[in-house]
Amino acid sequence: MALFLLLLWFGTPGAAASSVCGRPRMLNRMVGGQDALEGEWPWQVSIQRNGSHFCGGSLITERWVLTAAHCFSNTSQTSLYQVLLGVRQLVRPGPHAVYARVKRVESNPLYQGMASSADVALVELEAPVTFTNYILPVCVPDPSVVFETGTNCWVTGWGSPSEEDRLPNPRILQKLAVPIIDTPKCNLLYSKDTESGFQAKAIKDDMLCAGFAEGKKDACKGDSGGPLVCLVGQSWLQAGVISWGEGCARRNRPGVYIRVTSHHTWIHRIIPELQFQQARLGGQKRGPWQSLVQNSVPCLAAHAGLWVLVALLTLL
């Protein structure tokens with residue numbers, strides 16, 4: 001009975017993550033980007049090999065990180081990897097930093113190499129992390145969520161500020177606002193200025209473009225696997241995973257991301273407890289008040305159930 005009461009009160013781990021996802025509590029260099037604030041993107045993680053940052057990722061539950069498959073050439077050597085959470089800068093990470101060991105890496109089996117579809121991977125941590133003001137999951141959208149062309153979203157990471165340079169110490173997390181570009185336009189851009197003898201890269205169905213036709217601002221080397229997030233109602237939802245691009249911030253070469261909703265089934269199979277965020281409630285687009293109502297319903301039901309049980313136990 002006590003266990004039942006606790007489950008009713010706290011819910012399942014997946015439900016607990018979904019109730020706090022995408023809502024930073026603390027709001028106090030990509031190419032053309034700017035420094036992130038402390039605690040502004042609490043799901044952003046640094047994936048490290050032998051102690052050095054090489055890819056970004058996003059925390060989606062207490063023990064799972066979403067990233068790119070191309071970050072892992074060997075998914076069996078998990079002892080080489082660790083995940084750094086809760087930090088704004090990589091050099092002298094500070095008191096909120098948490099290092100987590102990696103238990104396993106699941107790369108999407110459909111992935112076939114750089115610039116191919118299904119460039120997504122899931123990293124399981126050895127132990128669940130504790131959510132804090134600086135460590136929180138991002139919301140994962142279900143297929144009902146459509147990120148419209150022109151939507152201004154944000155991409156974050158510790159990648160290079162240009163094709164030649166490395167982000168200078170103390171390597172502060174960079175953020176960049178980028179608009180979503182529709183796939184036909186993105187294919188058209190990538191067909192321009194192609195070198196003779198080279199076939200233009202195609203934007204596949206599970207890919208999403210975001211950025212600027214004129215270049216100058218973009219994700220770059222070291223940002224791979226990091227999140228592209230969009231504000232929907234009051235929560236940040238992850239629209240894409242940084243996958244590839246031709247160079248960095250070049251003209252007619254916007255950043256290409258793997259569309260998270262395209263891999264809903266695979267993610268759900270690996271993490272069945274994950275609660276996906278829906279776009280609509282009652283057939284309408286969700287506004288801020290609807291989001292609050294939806295999030296409060298399970299909580300109210302749990303409280304009501306608890307009081308009923310307390311009353312029954314008192315009568316007994």
Side-chain angles (χ1 to χ4, degrees), residues 10-28 36-45 56-67 85-86 120 122 129-148 150-157 173 175-180 208 210 226-242 257-264 267-268 271 273-302:
F10 291 109
T12 63
S18 70
S19 67
V20 298
C21 74
R23 298 191 178 199
R25 297 172 188 167
M26 306 292 288
L27 284 178
N28 309 329
L37 302 175
E38 193 79 53
E40 188 177 10
W41 313 102
W43 43 81
Q44 176 77 47
V45 308
S58 54
L59 188 69
I60 58 173
T61 74
E62 294 95 333
R63 63 188 312 151
W64 286 96
V65 166
L66 178 62
T67 187
L85 308 97
V120 284
L122 289 164
V129 295
T130 301
F131 294 154
T132 68
N133 288 342
Y134 305 91
I135 300 173
L136 289 170
V138 68
C139 297
V140 182
D142 84 353
S144 68
V145 179
V146 177
F147 298 99
E148 303 285 353
T151 301
N152 232 20
C153 301
W154 288 81
V155 60
T156 49
L173 181 67
K175 62 181 179 181
L176 175 67
V178 286
I180 289 178
L208 182 70
L228 173 73
V229 298
C230 312
L231 189 60
V232 178
Q234 292 188 331
S235 300
W236 289 94
L237 275 61
Q238 184 167 349
V241 174
I242 301 173
Y257 304 77
I258 295 299
R259 198 184 292 268
V260 174
T261 53
S262 296
H263 298 283
H264 168 270
I267 295 171
H268 180 64
I271 318 173
E273 70 274 15
L274 177 62
Q275 301 288 309
F276 292 85
Q277 198 85 351
Q278 296 185 346
R280 298 173 182 273
L281 188 67
Q284 295 183 349
K285 288 195 174 182
R286 179 169 54 192
W289 68 271
Q290 289 174 313
S291 178
L292 287 170
V293 168
Q294 187 182 42
N295 286 333
S296 64
V297 167
C299 188
L300 289 171

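Basis for what follows: all heavy atoms, side chains included, without hydrogens, waters or symmetry-related copies. Keep in mind that what you see is a predicted model, and the values were worked out from it rather than measured.
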Distance, nearest 0.5 Å, that separates [atom1] of [X] from [atom2] of [Y]:
| X | Y | atom1 | atom2 | value |
| --- | --- | --- | --- | --- |
| K175 | Q44 | NZ | CD | 13.0 Å |
| H264 | L274 | NE2 | CG | 8.0 Å |
| Y257 | I242 | OH | CD1 | 5.5 Å |
| E38 | N133 | CD | CG | 10.5 Å |
| L208 | I258 | CG | CD1 | 9.5 Å |
| Q275 | C21 | CD | SG | 9.5 Å |

Q. Among all residues two or more places apart in sequence or in another chain, which pass the side-chain contact (heavy atoms from CB on, under 4.5 Å) test with P141?
A.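 If we apply the side-chain contact (heavy atoms from CB on, under 4.5 Å) test to P141, skipping adjacent residues, the hits are V145, F147, L237, V260, T261.
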Q: Could I get the full list of side-chain contact (heavy atoms from CB on, under 4.5 Å) partners for P179, not counting sequence neighbours?
A: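 Residues passing side-chain contact (heavy atoms from CB on, under 4.5 Å) with P179: N152, F212.
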Does a side-chain heavy-atom distance below 4.5 Å link [X] with [Y]?
| X | Y | answer |
| --- | --- | --- |
| P137 | F131 | yes |
| Q277 | D142 | no |
| L66 | L122 | yes |
| F276 | I267 | yes |
| R25 | V20 | yes |
| V229 | V138 | yes |
| L85 | V129 | yes |
| T156 | P227 | yes |

Q: Assign the ring pair W154 / W41 to parallel, tilted or perpendicular, where the plane angle (0 to 90°) is split at 30° and 60°.
A: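 Tilted.
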Q: Indicate whether any N or O donor in one side chain lies under 3.5 Å from an N or O acceptor in the other, for Q238 and S58.
A: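 A donor-acceptor contact under 3.5 Å links the two side chains.
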Q) By side chain to side chain donor-acceptor pair (under 3.5 Å), which residues pair with T67, not counting sequence neighbours? A)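 In terms of side chain to side chain donor-acceptor pair (under 3.5 Å), with neighbours along the sequence ignored, T67 is linked to no residue.
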Q | Closest non-hydrogen atom pair, P24 against G39 | A |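 Distance-wise, the nearest heavy atoms are CB-O, 3.8 Å.
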Q | For the student: nearest non-hydrogen atoms of L228 and C153, plus distance | A |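 That closest heavy-atom pairing would be CD1-CB, 3.9 Å.
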